[in-house]
Participant: 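Please see the structure below; I have some questions.
In each ligand, atom 1 is the first atom listed, and ligand 1 is the first ligand listed. Starting from 1, each residue takes its place in the sequence as its number.
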Amino acid sequence: MENVFSELKGKTVLVTGSGRGIGKSIAEHFAAVGANIVITDIDEATAATTATEIADRYKVQTLSVVSDVSDEASVDALFAKISETFATLDVLVNNAGITMDGLFIRMKTEQWKKVIDINLTGTYLCSQRASNIMRKQRSGVMINISSIVAMGNPGQANYSASKAGLLGLTRTLAKELAPMGIRVNAVTPGFIHTPMTDKIPEKRREEMVSHIPLGRMGKPEDIAKAILFLATNSLSGYITGAVLEISGGLTGL
Ligand SMILES: NC(=O)c1ccc[n+]([C@@H]2O[C@H](COP(=O)([O-])OP(=O)(O)OC[C@H]3O[C@@H](n4cnc5c(N)ncnc54)[C@H](O)[C@@H]3O)[C@@H](O)[C@H]2O)c1
């Protein structure tokens, strides 16, 4: 089992929303084992800084692309740049996601649509383009970042629906794409310390941590390590259509 991740060296990995937070940590973990990384984010500054940081630190090739995963033309432009720069696309991590919380009875249709467009349609758009490359290679791995909130959480009807939708998409793509040599899995993180959860008031955060059996919030690297496992054929080559919960034992909020 020496250097189990050596197969990822020189591979091309696309992580959406990787300017910061969990996506950035995933990108760093792949770079640490020698993969070349496409950093893409709607935020130009964080995408560029993260891509430079990773290239300097891990001596891998990075490509930074500003793109909005919910915009079809922007996703097409992203994939055109990837094809111009790299010969293959081996791993896609659909990580870009947002919250726009509010009680259901007061939820605006705009708020509903925005979250579904980015979290669910964005994954559809990127996965479809990636599958067109991967099916020609007859190999590839996709990993979708869902959430334990897929099980339902007050104030997050839009987010919960988007994350539950990702589970159906994952299981369906796993079945459709398996004959083409493509594996598709999902992870459901619990409560992870990132700029997304920094917005939650301190008191509410403490209360949430008190329900976590392992007694702490997750760190972005807790997610990144599981993603490396799911991307490595020698470790997880027989796993597709699976949902891996990474929540310190928290099963609901
Ligand atoms: N933090 C948690 O506790 C937690 C728990 C479960 C699931 N998740 C999921 O993990 C993923 C990453 O979350 P995070 O906590 O790192 O959040 P974050 O807000 O720190 O990072 C999300 C990144 O996505 C980018 N982004 C937003 N909209 C985009 C768009 N339209 N196109 C491209 N990029 C876009 C943001 O600019 C940001 O860099 C999300 O899908 C989130 O739903 C997070």
Side-chain angles (χ1 to χ4, degrees), residues 14-29 38-51 53 64-79 92-101 113-127 129 142-153 156 158-167 169-170 186-200 204-205 208-209 211-212 216-224 226-227 243-248 250-253:
L14 164 60
V15 186
T16 67
S18 44
R20 69 176 199 193
I22 294 171
K24 178 178 179 181
S25 180
I26 294 169
E28 284 177 322
H29 278 72
V38 183
I39 301 289
T40 184
D41 205 288
I42 199 165
D43 185 289
E44 188 171 2
T46 56
T49 312
T50 296
E53 254 178 53
S64 158
V65 186
V66 178
S67 81
D68 175 352
V69 292
S70 65
D71 179 304
E72 193 151 7
S74 178
V75 171
D76 281 335
L78 163 68
F79 277 81
L92 165 65
V93 183
N94 284 302
N95 165 80
I98 61 159
T99 52
M100 284 181 88
D101 298 349
K113 280 192 176 156
K114 182 101 183 150
V115 170
I116 297 290
D117 282 354
I118 294 174
N119 298 7
L120 185 56
T121 309
T123 297
Y124 152 76
L125 290 172
C126 292
S127 301
R129 278 138 192 89
M142 298 186 200
I143 300 147
N144 298 325
I145 313 291
S146 174
S147 166
I148 58 165
V149 169
M151 298 294 285
N153 192 36
Q156 294 197 298
N158 50 359
Y159 185 75
S160 176
S162 73
K163 295 298 185 180
L166 283 181
L167 301 183
L169 180 66
T170 300
V187 297
T188 52
F191 190 35
I192 313 300
H193 193 194
T194 70
M196 182 183 270
T197 47
D198 279 347
K199 317 193 274 207
I200 300 170
R204 172 79 181 123
R205 268 194 282 162
M208 282 158 82
V209 170
H211 296 295
I212 301 174
R216 65 165 176 91
M217 282 181 83
K219 300 178 201 145
E221 57 260 43
D222 293 319
I223 309 305
I227 303 289
V243 178
L244 177 59
E245 188 167 289
I246 311 164
S247 65
L250 183 69
T251 49
L253 291 170

Participant: In chain order, what residues pass the side-chain contact (heavy atoms from CB on, under 4.5 Å) check against R129, with sequence neighbours excluded?
Facilitator: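 So R129 forms a side-chain contact (heavy atoms from CB on, under 4.5 Å) with E72, V75, D76, F79, L125.
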Participant: N95 side chain to I145 main-chain N or O, any donor-acceptor pair under 3.5 Å?
Facilitator: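 Not confirmed, N95 side chain does not pair with I145 backbone.
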Participant: Could I get the full list of side-chain contact (heavy atoms from CB on, under 4.5 Å) partners for D71, not counting sequence neighbours?
Facilitator: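 By the side-chain contact (heavy atoms from CB on, under 4.5 Å) rule, D71 matches D68, A73, S74.
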Participant: For S25, enumerate each residue passing the side-chain contact (heavy atoms from CB on, under 4.5 Å) test, keeping only those at least two apart in sequence or located in another chain.
Facilitator: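 Checked S25 against side-chain contact (heavy atoms from CB on, under 4.5 Å); matches are H29, P220, E221, A224.
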Participant: What do the steps show when you test D222 against R216 for salt bridge (Lys or Arg N to Asp or Glu O under 4.0 Å), and what is the final call?
Facilitator: CA-CA 12 Å; D222 293 319; R216 65 165 176 91; 2.9 Å; yes
Participant: Kindly tell me which protein residues have any non-hydrogen atom under 4.0 angstrom away from an atom of ligand 1, grouped by chain and ordered by number?
Facilitator: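 Lining ligand 1 at under 4.0 Å, by heavy atoms, one finds G17, R20, G21, I22, D41, I42, S67, D68, V69, N95, A96, G97, I98, I118, I145, S146, S147, Y159, K163, P189, G190, F191, I192, T194, P195, M196, T197.
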Participant: Donor-acceptor pair, S70 side chain versus G122 backbone, under 3.5 Å?
Facilitator: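 Flag not set: sc S70 to bb G122 has no pair under 3.5 Å.
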